[in-house]
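Only one structure is covered here, and it is reproduced in the block below.
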Amino acid sequence: MRLLLLAKQAALGGAAAFEGVMMKAPWAWALAVRLPNGQIHVERHEEKALSERYPWAKLPLIRGVVALLDALSVSYRALARSAELVEGGEEMPKGALWGTILFSLLLGIGLFIVLPGFLSGLLLDPARFPVLYNLMAGLIKVGILVGYLLFIGRMPEIQRFFMYHGAEHKAIHAYEKGLPLTVENVLAQPRFHPRCGTTFIAFVIVVSVLVYSLIPAPEVLWWRLLARVLFLPLVAALAFELLYFSARHDDPLSRLLRELGFRFQALTVAEPTPEMVEVAIKSTEAAVGEKVVA
């Protein structure tokens with residue numbers, strides 16, 4: 001069994017109240033939260049992943065999109081539940097939760113998909129130089145993403161979020177190595193993980209340069225920008241396959257891809273405190289339950 005590393009970076013807008021770690025196994029997900037009184041609240045939700053419920057969801061290309069949708073759904077619910085526990089507030093209405101998800105997705109598409117394509121078109125003719133145009137769009141996308149992460153990374157709340165992200169990675173490393181989940185064992189693990197959502201985002205940028213270069217009629221502005229949105233599921237699916245491959249192989253290409261992902265992870269993964277590691281351990285143990293490493 002391999003725990004799924006969620007792309008929680010897509011939900012950073014809700015990280016201010018995040019004081020916990022969520023882990024997702026194929027058969028359940030668990031949330032551990034450090035409460036204001038210092039105690040750790042743990043809850044386990046029996047919920048099979050979509051890939052466990054539907055055999056077709058494990059097919060190549062399809063599995064990436066399914067896993068992303070599944071991950072986003074669970075991670076947003078975990079963030080909302082964490083905020084509820086830490087702040088002692090009322091449960092967020094489902095309408096407000098899904099409204100936040102939709103707004104975040106639209107904002108992300110506009111900022112990281114449409115805007116780079118538009119700005120790149122001001123510098124290069126996409127019809128004459130499709131590869132250079134999309135390479136420029138990719139570089140602009142990287143600039144926006146890195147600038148955004150560096151900016152929010154200065155906020156104390158987001159810094160703690162990144163530290164919990166590191167605790168999550170370390171706990172998963174220890175679990176996958178079959179080590180006892182003690183604070184000492186977990187702290188000794190690397191803070192970067194090849195299946196991290198930040199690496200997935202890096203691969204999306206790389207794959208988008210190739211896929212978007214094949215879009216026909218790039219001289220039509222509205223189609224050029226709309227097509228970047230329409231082809232996003234294909235880009236995400238291919239990026240997931242790249243992530244899947246690089247995490248399971250040790251050839252030179254896979255090592256290069258992992259190193260690229262680790263460079264991006266340096267922006268969103270920080271060294272955790274022992275107290276944060278304790279939370280990650282509780283979440284891992286709850287998610288795994290009675291299952292064993294396969």
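Here, residue 1 is the first one in the sequence, and each next residue gets the next number. Bear in mind the structure is a predicted one, so any value in this text is a computation, not a measurement.
Within 6.0 Å of the NZ atom in Lys282, the count of heavy atoms belonging to other residues, nucleotides or ligands does not exceed 12. Met136 CE: 12 or fewer foreign heavy atoms inside a 6.0 Å radius.
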Contacts table for residues 250-259: side-chain donor-acceptor under 3.5 angstrom, sequence neighbours left out:
residue, atom, partner, partner atom, Å
Asp250, OD1, Arg258, NH2, 2.9
Asp251, OD1, Leu253, N, 3.1
Asp251, OD1, Ser254, N, 3.0
Asp251, OD1, Ser254, OG, 3.3
Asp251, OD2, Ser254, OG, 2.8
Arg255, NH1, Asp250, O, 2.3
Arg258, NH1, Ser246, O, 2.6
Arg258, NH1, His249, O, 2.5
Glu259, OE2, Arg263, NE, 2.9

Donor-acceptor contacts under 3.5 Å from residues 223-243 side chains, at least two apart:
residue, atom, partner, partner atom, Å
Trp223, NE1, Pro216, O, 2.8
Arg224, NE, Tyr133, OH, 2.9
Arg224, NH1, Pro218, O, 2.7
Arg228, NE, Ile113, O, 3.3
Arg228, NH1, Asn134, OD1, 3.0
Glu241, OE1, Arg63, NE, 3.4
Glu241, OE1, Arg63, NH2, 2.6
Glu241, OE2, Leu61, N, 3.0
Glu241, OE2, Arg63, NE, 2.8

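Atom CG in Leu50 sits 12.5 Å away from atom CD1 in Ile62 (nearest 0.5 Å). Taken to the nearest 0.5 Å, the CG atom of Leu31 stands 6.5 Å off from the NE2 atom of His41. One finds the CG atom of Leu260 at 7.5 Å from the OG1 atom of Thr199 (value rounded to the nearest 0.5 Å). If you take OG on Ser75 and CG on Leu68, they are separated by 9.0 Å, rounding to the nearest 0.5 Å. Between the CZ atom in Phe264 and the CZ atom in Phe203 there is a gap of 10.0 Å [rounded to 0.5 Å]. Atom OG1 of Thr198 is separated from atom CZ of Phe192 by 9.5 Å, given to the nearest 0.5 angstrom.
When all heavy atoms are compared, the tightest approach of Asn37 to Gln39 is OD1-N, 3.0 Å. The shortest heavy-atom contact between Gly166 and Pro272 is C-CG, 4.1 Å. Nearest heavy-atom pair, Leu124 versus Leu132, reported as atom, atom and distance to 0.1 Å: CD1-O, 3.5 Å. The minimum heavy-atom distance linking Ala32 with Ile40 is given by the pair CB-CG2, 4.1 Å. Scanning all heavy atoms of the two residues, the minimum distance from Ala25 to Ala287 falls at CB-O, 3.7 Å. Contact detail for Lys24 and Ala49: the closest heavy-atom pair is NZ-CB, 3.4 Å.
Remark: side-chain polar atoms of Ser213 are paired, donor with acceptor, to backbone N or O of Val209 under 3.5 angstrom. At distances below 3.5 Å, at least one donor-acceptor pair connects side-chain atoms of Asn185 with backbone N or O atoms of Pro180. A donor-acceptor pair under 3.5 Å is absent between the side-chain atoms of Ser283 and the main chain of Val279, judged by distance alone.
Proximity of Met155 to Ile152: side-chain heavy atoms (C-beta onward) are separated by under 4.5 Å at one or more points. Contact annotation: the side chain of Trp222 approaches that of Val220 to within less than 4.5 Å [non-hydrogen atoms, C-beta and beyond]. You'll find the side chain of Val66 reaches within 4.5 Å of the side chain of Trp56, heavy atoms only. In this structure, the side chains of Leu145 and Ile201 come closer than 4.5 Å at one or more pairs of heavy atoms. Looking at Tyr164 and Arg34, their side chains come closer than 4.5 Å, going by heavy atoms from C-beta outward. Put simply, the side chain of Leu149 does not reach to within 4.5 Å of the side chain of Ile158, judged on heavy atoms. Using a 4.5 Å cut-off on side-chain heavy atoms (C-beta onward), Val186 and His173 make no contact.
Here His165 and His169 bring their ring centres to under 6.0 angstrom of each other.
The cluster map of Ile, Leu, Val, Met, Phe, Trp and Tyr, joined by side-chain heavy atoms under 4.5 Å apart, puts Val207 and Leu139 in different clusters. Under the 4.5 Å side-chain heavy-atom criterion for grouping Ile, Leu, Val, Met, Phe, Trp and Tyr, Ile109 is connected to Val211 within one hydrophobic cluster. Leu119 and Leu107 sit in two unconnected hydrophobic clusters of ILVMFWY residues. Membership requires side-chain heavy atoms under 4.5 Å apart, directly or through other members. Using a 4.5 Å cut-off between side-chain heavy atoms of Ile, Leu, Val, Met, Phe, Trp and Tyr, with links allowed through other members, Val65 and Tyr212 fall into different hydrophobic clusters.
A donor and an acceptor atom, one from each side chain of Ser208 and Lys141, are located under 3.5 Å apart.
Pairs engaging residues 105-115 under the side chain to side chain donor-acceptor pair (under 3.5 Å) rule: none recorded [sequence neighbours left out]. Evaluation of the salt bridge (Lys or Arg N to Asp or Glu O under 4.0 Å) test over residues 53-62, restricted to residues two or more places apart or in two chains, returns Glu52-Lys58. Sorted by first and then second residue, the side chain to side chain donor-acceptor pair (under 3.5 Å) pairs with a member in residues 107-128 form an empty list; sequence neighbours excluded.
Applying side-chain hydrogen bond (donor to acceptor under 3.5 Å, both in side chains) to His193 and the options Glu168, Glu176, Gln265 leaves one that passes, Glu176.
In this structure, the salt bridge (charged side-chain N to carboxylate O under 4.0 Å, His left out) partners of Lys170, at least two apart in sequence or on a different chain, are Glu271.
The pair Arg44-Glu285 does not meet the salt-bridge criterion, since no charged nitrogen lies less than 4.0 angstrom from a carboxylate oxygen. Residues Glu43 and Arg81 are paired through a salt bridge, judged by an N-O separation under 4.0 Å between the basic side chain and the carboxylate.
Geometric assessment of Arg154 against the ring of Phe151 yields a negative cation-pi assignment under the 6.0 Å and 45° thresholds.
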